[in-house]
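Reviewing the structure listed below.
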Protein chains: 2
Amino acid sequence: MSRAGAIKPESDHILDRPMGDTDGIDFEIIELLFFAYRDFISDPDAILDTSGFGRAHHRVVHFVNREPGLTVAALLDTLKITKQSLARVLKQLIDSGYIAQVAGPEDRRQRRLFPTERGRELALALARPQSCRIAHAMEGLGEGGRAAVKAFLSGMINPASRGAADDQDDMMEGHEQ
Amino acid sequence: MSRAGAIKPESDHILDRPMGDTDGIDFEIIELLFFAYRDFISDPDAILDTSGFGRAHHRVVHFVNREPGLTVAALLDTLKITKQSLARVLKQLIDSGYIAQVAGPEDRRQRRLFPTERGRELALALARPQSCRIAHAMEGLGEGGRAAVKAFLSGMINPASRGAADDQDDMMEGHEQ
DNA sequence: AATTTATGTCAACATAGCTGACATATTCGA
DNA sequence: TCGAATATGTCAGCTATGTTGACATAAATT
């Protein structure tokens with residue numbers, strides 16, 4: 001038994017009872033998600049530290065490798081950041097030879113983004129430990145369990161922000177290409 | 001040459017084939033986690049924006065409410081940040097009356113952290129939409145599916161960093177009373 | 001009494017977001 | 001054809017949140 005017994009709240013109305021699963025709130029899953037995601041990104045973070053890049057670079061390299069030829073606008077939409085924010089990391093990735101730009105074949109204002117071999121290797125190196133972690137977390141789950149995990153994660157995503165993860169259902173403004 | 005010109009790939013060896021589930025890497029779950037977590041924290045973010053706090057405050061308020069009376073050292077260990085980083089947000093939360101400090105009953109060097117009523121309300125308000133999102137993502141899953149989700153998330157967490165989420169198995173150095 | 005521990009604090013710095021303003025090339029519409 | 005809209009780039013500065021390193025203080029430990 002730990003805490004909270006002997007301390008003396010002064011006048012400030014202090015609460016010493018833990019916020020538990022009263023109120024019908026699922027604190028267990030909330031915290032599991034927090035810790036799971038934190039450790040999930042710690043793997044690539046360790047690699048990135050050695051190469052001088054950060055998480056922002058990771059995301060860019062990842063999505064460019066997943067959808068070569070995507071436009072800057074599409075990438076901004078996926079990442080939900082501003083172009084000024086993207087510009088900083090994208091420039092570094094281009095200058096270091098991880099990503100290349102090609103003027104759009106039809107609309108030459110566009111800069112379509114492609115990975116170089118180097119960029120592909122980086123993306124794979126970053127994804128590998130994450131995939132291992134996922135495989136480990138999945139082991140012991142049957143087909144139904146794996147399906148449940150996917151359904152759960154999909155259900156956590158805002159319907160509007162369905163990005164590259166499942167890109168059927170690409171509502172109205174499909175003015176890309 | 002202010003901008004990178006009419007770009008042409010020429011010699012730079014560009015890849016135009018998507019990085020797919022070749023290589024045995026589970027990109028689908030990697031991306032589902034990315035989008036799920038991003039939308040998961042967008043709910044509290046929206047609330048925090050209106051109250052002048054950020055994600056860092058959210059985490060502090062959350063864990064202090066989950067374990068009233070925890071020490072600064074314990075909180076640092078859970079959050080895995082430096083004390084200087086914590087100090088900034090903790091000071092604001094104390095000054096605004098969301099969290100109170102009480103000298104430890106046995107070791108008076110400690111500052112044990114407790115939520116005020118105000119702090120409890122904030123923590124609940126932040127947790128509520130997240131819990132709703134989780135409930136929505138879980139609906140349609142049976143008992144087995146929910147268990148699979150928990151097992152999966154637990155399996156994603158580093159064994160060493162088991163924090164408040166499941167605190168059985170609180171290995172050796174249990175000098176935290 | 002000396003040391004260690006728990007915490008606080010100052011200063012400087014890095015990353016990665018943001019807004020606002022403006023430039024340039026290209027496409028599109030009147 | 002010309003002017004407006006679009007896709008992108010860029011400059012400047014701000015904020016939030018993390019980092020290191022150095023040092024201060026009070027309380028516990030030896």
Side-chain angles (χ1 to χ4, degrees), chain A residues 38 41-42 44-46 48-49 51-61 64 69-95 99-113 173 175-177, chain B residues 1-7 38 41-42 44-46 48-61 64 69-95 99-113 173 175-177:
Chain A
R38 198 186 22 152
I41 44 179
S42 75
D45 273 1
L48 291 160
D49 270 0
S51 40
F53 290 140
R55 284 179 199 173
H57 304 84
H58 180 185
R59 291 177 211 134
V60 171
V61 166
V64 168
L70 92 172
T71 62
V72 170
L75 183 54
L76 288 175
D77 192 61
T78 295
L79 298 176
K80 300 246 202 300
I81 58 173
T82 58
K83 65 177 174 177
Q84 296 92 333
S85 218
L86 174 60
R88 215 151 31 195
V89 297
L90 185 53
K91 192 173 193 329
Q92 293 175 294
L93 287 168
I94 290 168
D95 291 348
I99 286 180
Q101 293 177 309
V102 177
E106 274 144 45
D107 186 337
R108 304 196 343 158
R109 290 171 303 182
Q110 296 175 338
R111 294 298 128 105
R112 306 193 88 111
L113 305 172
E173 77 270 41
H175 66 319
E176 16 78 285
Q177 55 211 338
Chain B
M1 51 230 17
S2 53
R3 55 229 243 40
I7 302 102
R38 186 169 42 109
I41 44 178
S42 74
D45 273 1
L48 292 159
D49 270 0
T50 74
S51 39
F53 291 138
R55 284 179 198 174
H57 304 83
H58 180 187
R59 290 177 210 133
V60 172
V61 166
V64 168
L70 91 172
T71 62
V72 170
L75 184 53
L76 288 174
D77 191 63
T78 296
L79 297 176
K80 299 242 204 302
I81 58 174
T82 57
K83 66 176 172 178
Q84 296 91 331
S85 215
L86 174 60
R88 213 150 31 195
V89 296
L90 185 53
K91 192 172 192 327
Q92 293 175 295
L93 288 167
I94 291 168
D95 291 348
I99 287 180
Q101 292 177 311
V102 177
E106 274 141 47
D107 187 336
R108 303 198 344 162
R109 290 172 302 182
Q110 295 176 339
R111 295 299 134 100
R112 307 193 86 113
L113 305 172
E173 79 272 38
H175 65 317
E176 18 68 289
Q177 34 246 352

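Note that these values count all heavy atoms, side chains included, but never hydrogens, waters or copies made by symmetry.
Heavy atoms of His58(A) sit nowhere under 4.0 angstrom from any nucleic acid atom. Note on Arg88(A): a base of the nucleic acid sits closer than 4.0 angstrom, heavy atoms only.
Results of the side-chain hydrogen bond (donor to acceptor under 3.5 Å, both in side chains) test with Asp45(B) over His58(B), Arg55(B), Arg38(B) single out Arg55(B) as the only residue that passes.
Between the side chain of Thr78(A) and the backbone N or O of Ala74(A) there is at least one donor-acceptor pair closer than 3.5 Å.
Neither OP1 nor OP2 of dT15(C) sits under 4.0 Å from any side-chain N or O of His57(A). Contact annotation: Thr82(A) side-chain N/O to dC18(C) OP1/OP2 distance is under 4.0 Å. Checking the phosphate oxygens (OP1, OP2) of dT5(C), no side-chain nitrogen or oxygen of Arg108(B) falls inside 4.0 Å.
Between the P atom of dC10(C) and the NZ atom of Lys83(B) lies a distance of 13 Å, rounded to the nearest Å. The separation between Leu93(A) atom CG and dG9(D) atom P is 13 Å, rounded to whole Å. Going from atom CD of Gln101(B) over to atom P of dT7(C) covers 10 Å, rounded to whole Å. Between the CZ atom of Arg112(A) and the P atom of dT8(D) there is a distance of 9 Å, given to the nearest Å. One interatomic measurement links the two molecules: CD1 of Ile81(A) to C1' of dT15(D), which rounds to 16 Å at whole-angstrom precision. If you take CG of Asp45(B) and P of dT15(D), they are 18 Å apart, rounded to a whole angstrom. Regarding Gln92(B), its CD atom lies at a distance of 12 Å from the P atom of dG18(D), rounded to whole Å. Atom C1' of nucleotide dT6(D) and atom CG of Leu76(A) are separated by 14 Å, given to the nearest angstrom.
Distances were taken from every side-chain heavy atom of Lys91(A) (C-beta onward) to each of dT10(D), dT19(D), dT7(C); the shortest belongs to dT10(D). Here dT5(C) is the nucleotide among dT5(C), dG8(C), dC22(C) with the atom lying nearest to any side-chain atom of Arg109(B). With distances taken from any side-chain atom of Arg59(B) to the nucleotides dG17(C), dT8(D), dG18(D), the minimum falls on dG18(D). Which of dT8(D), dT17(D), dT9(C) sits closest to the side chain of Ala73(A) comes down to dT8(D). Side-chain proximity of Ala56(B) to dG8(C), dT17(D), dT27(C): nearest is dT17(D). Side-chain proximity of Gln84(B) to the nucleotides dA7(D), dA27(D), dA22(D) is greatest for dA22(D). For Arg55(A), taking side-chain heavy atoms from C-beta onward, the closest of the listed nucleotides dA16(C), dG18(D), dA6(C) is dA16(C).
Between Leu113(B) and Leu90(B) there is a side-chain heavy-atom pair separated by less than 4.5 Å. Put simply, the side chain of Val72(A) does not reach to within 4.5 Å of the side chain of Lys83(A), judged on heavy atoms. Val64(B) has its side chain within reach of Leu70(B): a pair of non-hydrogen atoms, C-beta onward, lies under 4.5 Å apart.
Taking for each of Gly104(A) and Val89(A) the nucleotide of DNA chain C with the nearest heavy atom, the 5'-most of the two is the partner of Val89(A).
Of the inter-residue distances, the one linking Gln84(A) atom CD with Leu76(A) atom CG reads 9.0 Å to the nearest 0.5 angstrom.
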